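Please read the structure below before turning to the comments.
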2 protein chains.
Amino acid sequence: MGTTPANEWTEHALRTLADAGYRSSEPRQTVIETMAGQGCSVTAREIADVVRDEGSHIGLASIYRTLDLLDRTGLAQRFEVGEGSARYEPAYPTGEHHHHIVCDSCGDVVPFEDEALEQAIERLAGRVDFAVNAHDVTLHGECPACSAPPRR
Amino acid sequence: MGTTPANEWTEHALRTLADAGYRSSEPRQTVIETMAGQGCSVTAREIADVVRDEGSHIGLASIYRTLDLLDRTGLAQRFEVGEGSARYEPAYPTGEHHHHIVCDSCGDVVPFEDEALEQAIERLAGRVDFAVNAHDVTLHGECPACSAPPRR
DNA sequence: GTGAATGCAAACTCTTTGCATGACT
DNA sequence: AGTCATGCAAAGAGTTTGCATTCAC
């Protein structure tokens, strides 16, 4: 396996933080690697659980502090899908990104991309009097499994 | 002043709840009227504050219960813009709705509508394998006041 | 060595829940 | 009268913060 987007983001994030004068501690590296390792978005607790399952341990507070740092430096994007806890995911320097569909029955979150949607938002952003620098789109509904007829 | 959309929603909501067998209590009516009275979206605490300023009082728990009821019955829509607390706003039976731009500096929330955006989402919804029945779009940025050069 | 980052625990905020009281139908 | 809804207070969940210790530079 060669260079994946996740690997690239990990390195980009570590380098960016180092360049900005932040120290490279093991907890920070682990949080970043764990985020990259998850397919899509993660919550603070999910990171803690994954790390614990790998035999290590990072205090929840440190995870929150790292996530906050990543968000503030633009290395990650924070968003919520309405289930109480914040989700974070890597933000690629290319601006490339996706959005999410949430199953309101089982809580499943799956990503999607849509160029037409991005264009509509871009045009809109140019028309409003806010300086728009990010956007969230979340679709709500039921996943195929949940909208299937009840099992018996 | 005649019939406004807000008035209509208030009546629609009260009637719908009554028809569904829910009791018409004063707290519920007040919450609904207060929601209608606010321009856009509200938080539970905002409702409590407005009600208190008008000389009445409703327990926070009842406000939350009413908001939850409105959300479950489709009379209101719940969403979050990332400032910790949930916001609710009237959902019109016509399906007419808007989205929000949030100023990440001062927390100001302003509504917008965009037909092209709605169309893009509608087309997208038809293409995914989820049964999509709602969507949130939130733009983040800085409002004109906050992006202005710092005052001196 | 010095200042920044961690970990723990306490504090906070938002929201939900249990239970007795009061109100709508 | 019989329920359903309210209000209060306590409980929960997620997140932030204070502070002593540890670690990176």
Side-chain angles (χ1 to χ4, degrees), chain A residues 13-35 41-52 55-73 75-88 107 109, chain B residues 13-35 41-52 55-73 75-88 107 109:
Chain A
L14 292 173
R15 188 167 0 97
T16 302
L17 290 184
D19 290 352
Y22 293 100
R23 296 185 177 174
S24 173
S25 69
E26 215 224 281
R28 263 183 199 160
Q29 287 187 39
T30 304
V31 168
I32 290 172
E33 283 162 13
T34 303
M35 282 184 73
S41 60
V42 289
T43 62
R45 181 163 296 281
E46 283 166 5
I47 291 177
D49 290 346
V50 171
V51 171
R52 182 176 34 63
S56 319
H57 171 82
I58 305 179
L60 254 183
S62 299
I63 294 176
Y64 277 110
R65 282 189 277 236
T66 299
L67 290 173
D68 184 53
L69 174 62
L70 292 171
D71 185 40
R72 282 186 287 110
T73 52
L75 290 166
Q77 169 114 254
R78 173 193 171 135
F79 63 93
E80 325 199 11
V81 295
E83 26 72 278
S85 50
R87 306 195 72 86
Y88 294 80
V109 177
Chain B
L14 292 173
R15 187 166 3 95
T16 303
L17 290 184
D19 290 353
Y22 294 100
R23 294 185 180 174
S24 171
S25 70
E26 215 222 285
R28 264 182 198 162
Q29 286 187 39
T30 304
V31 168
I32 290 172
E33 284 161 12
T34 302
M35 280 183 75
S41 61
V42 289
T43 62
R45 181 164 296 280
E46 283 167 5
I47 291 177
D49 291 346
V50 170
V51 171
R52 182 175 35 64
S56 318
H57 171 83
I58 305 179
L60 255 183
S62 299
I63 295 177
Y64 277 111
R65 282 189 277 235
T66 299
L67 290 173
D68 183 53
L69 175 61
L70 292 171
D71 184 41
R72 280 185 289 112
T73 53
L75 290 165
Q77 168 115 255
R78 171 191 174 137
F79 62 95
E80 325 197 10
V81 296
E83 25 72 279
S85 48
R87 306 195 73 87
Y88 293 81
V109 178

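In what follows, every chain begins at residue 1, and chains take the letters A, B, ... in the order their sequences are listed. Worth saying up front: this structure is predicted, and the values here are computed from it rather than measured. Below, each value reflects all heavy atoms present in this structure, side chains not excepted, and no hydrogens, waters or symmetry copies.
The separation between B:Phe79 atom CZ and C:dC14 atom P is 16 Å, rounded to whole Å. Counting to the nearest Å, the C1' atom of C:dG7 and the CZ atom of A:Arg52 are 16 Å from each other. With rounding to whole Å, A:Glu80 atom CD is found 13 Å from D:dA13 atom C1'. Rounded to an integer number of Å, the gap from B:Tyr88 OH to C:dC14 P is 13 Å. The CD-P distance, from B:Glu83 to C:dC12, rounds to 21 Å in whole Å. At whole-Å resolution of the value, CG in A:Leu17 and C1' in C:dA5 are 13 Å apart. Here the P atom of nucleotide C:dT15 and the CD atom of B:Glu46 are 11 Å apart, to the nearest Å.
In this view, B:Arg78 and B:Glu80 satisfy the salt bridge (charged side-chain N to carboxylate O under 4.0 Å, His left out) rule, not counting sequence neighbours.
Shown for residues 60-71 of chain A: residues whose heavy atoms fall under 4.0 angstrom of DNA chain C, namely A:Ala61, A:Ser62, A:Arg65.
Taking 4.5 Å as the limit, some side-chain heavy atom of A:Arg28 sits within range of a side-chain heavy atom of A:Leu69. The shortest side-chain heavy-atom distance between B:Leu70 and B:Leu17 falls under the 4.5 Å cut-off.
Across C:dG7, D:dC8, D:dT15, the shortest atom-to-atom separation from the side chain of A:Pro27 is found for C:dG7. If you check C:dT6, C:dT15, D:dT15 against the side chain of B:Ala86, the one that comes closest is C:dT15.
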For nucleotides 20-25 of chain C, give me every protein contact, N/O to N/O, under 3.5 Å, one pair per line with atom names.
from, atom 1, to, atom 2, distance (Å)
C:dC24, O2, B:Arg23, NH1, 3.4

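Between A:Arg15 and A:Asp19 there is no salt bridge, since no side-chain nitrogen of the basic residue lies less than 4.0 Å from a carboxylate oxygen of the acidic one.
The 12-atom threshold is exceeded at CZ of B:Arg52, counting heavy atoms of other residues, nucleotides or ligands nearer than 6.0 Å.
Distance check: B:Ile32 CD1 to B:Thr66 OG1 gives 7.0 Å after rounding to the nearest 0.5 Å.
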